[in-house]
Enquirer: 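Sharing a structure with you now.
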Amino acid sequence: MRTADLELDLDVFAGPFDLLLAIVLREEISLLEVELGDVVVAYVEHLEEEGELDLEAATEFLVLVAALLELKSRLMLPTEEEPELDLGPEEAADELLARMLEYRRYRDAGAELSRRLEREAPYLHRAAPLPAELRRVSIEAARQAYDPDRLGVALGDLLSAPPTLDTSHIRPTVSLERRLEVVRALLQRASRIDFDEQFGSEDRLTQAVTIFALLELHKKGEATWSQRSNFGPIEVSGQRTATGGQTAKARRES
Amino acid sequence: MSDGSAAELARTVEALLFLAPDPVPTGELIEACEVSEVQLRNALDLLAEELAPGRRGIVLREVAGGWALATDPVAEAAARRLLARPKTPPLTAAQAETLAIVAYLQPVSRPEIARIRGVSSESAVQTLGERGLIEEAGRSRFGAVIYRTTALFERLFGLSGLEDLPDASKFDPTPEDAADLRERLLRAGEQRAAP
Amino acid sequence: MSDGSAAELARTVEALLFLAPDPVPTGELIEACEVSEVQLRNALDLLAEELAPGRRGIVLREVAGGWALATDPVAEAAARRLLARPKTPPLTAAQAETLAIVAYLQPVSRPEIARIRGVSSESAVQTLGERGLIEEAGRSRFGAVIYRTTALFERLFGLSGLEDLPDASKFDPTPEDAADLRERLLRAGEQRAAP
C-alpha cells in the first residue's frame, strides 16, 4: 500500500495520512489536536488486511508517524511527572520549531531553484549529432583501460559449480502477533534491548514487521524506543507497569 | 599545437565546445589540445572575452563541471519559433522542494525527503526523475533507493557544480522570526498541558 | 525584432545556426526572426564577415540546403582526440562475463552466451557491440548471430593479440578437468540455470 493511500478519519482531520504532517508543518492544524494512536492503528489494520508489505512505503510511513509521535509526545509531556526524561514543553517546542525551520529552508531553497531555472531557460544548448568523421572511434586514440585478468576472473567464475540454492527471494510469512510475542518475551528477560543486535540478522520483512510490533507496544504503553540519530541504533526499553499494557490490550480486543 | 598562438588555441577551444554534446571539463580540453594548463586558461580567458554577453549570438558558460557554448538570451524567441522547442515547464512547488532537498542533501532517500517535507514525495520524485534532473544512486543500508542530482540538473540551472548552489543557511529565517514562531508553539503547548 | 539593429539580428542568426542540427534555408530564418529579406541579407553579410575563415573557431557556410555553422579545420586533430576517443566506463559483472565468453570461445553465438551465463545476455552483448569491443562475425549454421572480439578490444586490454589473453587454467577452479573449455562452460551454465 502506498503511504498516500491511507485514508484517515480523525476528529480534527479527514483525508490521506500523507497530508497530515504536511499541514502540521505548515501550521494549518495543531499537532496537539491529532490522535496519533488512531493513525497507527489504522495503518496496522490496513497492513494486516493487505497481507503484504511494500517496504519503501512502510518506511515512509514509519518515518512520518515516528516524527509525529515524537513531536507530540514531547509537546505534551509535563516535566514534573517524568523528571528523568528531561523533556518539557520548551524542548518540544524547540523540536517542532527545528522541524518547521528545516522544512522552510528547503521550501525557500526550492523557490530559489525555480527562479534560477526560469532565469536560465533562455540559454539554449546545441543538440546536434557529431559530424560523421568524428562518429567513428579511432583505434589510434585508444589506450589500455582494462586489466585482462578481469576476463580470466570472469571465466573462472563461469566455470565454478553453482553455489547452493539461493532462497532469499522466497518471502517468509511474518505475523505481527508472532513478532509481538517475540519482543514481549525479550523485554521480560532484559529491560533494554538494542534493535540491531537482536534483529539485525533477520530479513528485511521480519525487521519491518518487528518495527510495527514495537509501534503497537509503544501505543499500549508496554515499551518505549529511541534513536539518537538518523540510522543510528534503536534502543528499546520495556515499561515495568505491565498491567497497563494488559489493560490496553484488553480494551482493544473488547 | 604547443607552437600555436593563444588566439589559435582559443579558436580550437571554441570549435571543440561547438562540437561536444556535453560540457567539457578543463582537463579534457588540455589533453585534446595538447597544451599546458596555463596556455588553456589563457585561451579560455580570450574566448570568454570574445564571447562576452552582448557581443555575439553565443556565450561561453561554465556549467556541470565543464565548459559549454550556449545561445545568448537575445535569440530565445526566434529560436523557439525556428526549432519549435517548447519552453521547459516550470517546477511545481512540490517538485522544487523535493529537488532542493536532493540537491543539498544528496545522496538522500525518499523516506528522508518525506521526513523533511512531511508528505510522501513519490510523484515529485518520479517526475524529477522523468525530467532527468535526479537519478537513482544505489540503495541505503535499509534498502531504500537513494537519489542524487544529474549533470543535466547542473546545466539547466546554470551551476558550474554542486558547490555553486547558494548557501542553504541563506534561507533560514531571522532570529526574530524564529523566536516568534517558538513563542507561539510554546503557548499552544501550555494551553494544552494545563488541566 | 523588426526594430533590432543589424548587429543584434546577426547575433540572433548566429544563435539560430548554432542550434540547428541541419542547414537552415533563408526563408526559415526570415520567418523565425520576423524581419524582411533585405534585413536578413544584411545580417548574414555581417555574420559572414565576423565568422570569416581564420577569425574564429567556427565559420559560416552556405550549403545546398541553406546556411550552417561549421568548425574551422584548425581544430580537426584536437576534435578527434576529444570526441573520437573510445568510451571506457568500468565493465559491469554481466559485461565482463559476456566479454570473457566471447574472448575465449570466439566465434560464439548469442544462444551459447545465454546458456553459459544462465541468463539472457542481450543488453550486455548490445553494449559491448556499441562500445566496439565485440562485433558480428556472420551467422551459425542455425542462423544465430555469432560474435568475435575486435582490434579495439585488444587495444583497450593492452593485448598484442588473442594469444596474449591470460591463461584460462590460472583462473580455473578445477584445472584437472580435461574436458574442452567450451563444453565445461556450457555444463556449468546448465547447472546454474537448473531450478
Side-chain angles (χ1 to χ4, degrees), chain A residues 52 55-56 113-174 201 203-206, chain C residues 15 18-22 70-71 76 79-91 93 95-101 103-104 116-118 131-133 150-159 164-168 170-174 177 181 184-185 187-189 191-195:
Chain A
E52 63 177 303
L55 202 65
E56 195 97 348
L113 283 178
S114 289
R115 284 191 294 274
R116 220 183 151 104
L117 180 64
E118 184 77 12
R119 200 167 65 226
E120 291 294 320
Y123 293 97
L124 302 173
H125 290 258
R126 197 163 173 264
L130 283 177
E133 67 273 16
L134 289 176
R135 253 174 276 164
R136 276 204 44 215
V137 161
S138 97
I139 293 188
E140 298 73 52
R143 279 176 229 141
Q144 180 172 358
Y146 300 117
D147 179 1
D149 276 359
R150 179 83 197 275
L151 298 175
V153 170
L155 194 75
D157 289 347
L158 288 167
L159 282 170
S160 308
T164 45
L165 217 54
D166 178 6
T167 54
S168 62
H169 59 284
I170 300 168
R171 285 192 153 195
T173 28
V174 185
S201 58
D203 63 273
R204 292 195 303 169
L205 183 69
T206 306
Chain C
F18 169 80
L19 292 173
D22 299 307
T71 53
E76 215 180 290
R80 213 173 311 112
R81 282 190 292 268
L82 178 70
L83 299 164
R85 217 178 17 182
K87 308 269 174 293
T88 54
L91 297 175
Q95 289 160 5
E97 284 183 12
T98 305
L99 191 55
I101 294 169
Y104 283 93
I116 293 170
R117 293 198 53 231
R131 297 217 192 120
L133 291 165
T150 61
L152 181 64
F153 160 79
E154 290 169 25
R155 193 93 181 190
L156 291 179
F157 278 84
L159 307 168
D164 242 12
L165 277 171
D167 187 355
K170 213 171 100 192
F171 300 93
D172 193 341
T174 50
D177 195 331
L181 187 61
R184 291 178 51 211
L185 281 168
R187 208 193 309 139
Q191 279 168 11
R192 249 189 302 278

Enquirer: Please look at C:L82 and chain A and tell me whether the side chain, the backbone, both or neither of the residue comes under 4.5 angstrom of a heavy atom of that chain.
Expert: neither
Enquirer: How close do C:A188 and A:L158 get, counting heavy atoms only, and between which atoms?
Expert: CB-O, 3.3 Å
Enquirer: Heavy-atom distances under 4.5 Å only: say whether C:Y104 touches chain A with side chain, backbone, both or neither.
Expert: side chain
Enquirer: Is A:P131 close to chain C through its backbone or its side chain, or both, or neither, when contacts mean heavy atoms under 4.5 Å?
Expert: neither
Enquirer: Please look at C:L99 and chain A and tell me whether the side chain, the backbone, both or neither of the residue comes under 4.5 angstrom of a heavy atom of that chain.
Expert: both
Enquirer: Give the interface residues of residues 146-154 of chain A toward chain C, defined by a heavy-atom separation under 4.5 Å.
Expert: A:Y146, A:D147, A:P148, A:D149, A:R150, A:L151, A:G152, A:V153, A:A154
Enquirer: So which of A:A128, A:A145, A:P129 has the biggest tally of heavy-atom pairs under 4.5 Å with chain C?
Expert: A:A145
Enquirer: How about residues 116-125 of chain A versus chain C: which residues have heavy atoms under 4.5 Å apart?
Expert: A:L124, A:H125
Enquirer: Need one label for C:L165: side chain, backbone, both or neither, based on atoms under 4.5 Å from any heavy atom in chain A.
Expert: side chain
Enquirer: Output the distance between atom CZ (A:R143) and atom OG1 (C:T88), rounded to the nearest 0.5 Å.
Expert: 10.0 Å
Enquirer: Is atom CD of C:E76 surrounded by more than 12 heavy atoms (other residues, nucleotides or ligands) closer than 6.0 Å?
Expert: no
Enquirer: To the closest 0.5 Å, what do you measure between CG (A:L155) and CZ (C:F171)?
Expert: 9.0 Å
Enquirer: Under the side chain to side chain donor-acceptor pair (under 3.5 Å) test, which residues partner C:D167, sequence neighbours left out?
Expert: C:S169
Enquirer: What heavy-atom pair brings C:R184 and A:L159 nearest, and what distance separates the two atoms?
Expert: CB-CD2, 4.0 Å
Enquirer: Sort out for me which of C:A151, C:A100, C:G118, C:P90 touches chain A most, counting heavy-atom pairs under 4.5 Å.
Expert: C:A100
Enquirer: Taking A:R126 for the side chain and C:F18 for the main chain, is one N or O donor matched with an acceptor at less than 3.5 Å?
Expert: yes
Enquirer: Output all residues satisfying salt bridge (Lys or Arg N to Asp or Glu O under 4.0 Å) with C:R117, sequence neighbours left out; order by chain, then residue number.
Expert: C:E97
Enquirer: If you count heavy-atom pairs within less than 4.5 Å of chain A, which of C:A84, C:P21, C:A79 leads?
Expert: C:A84
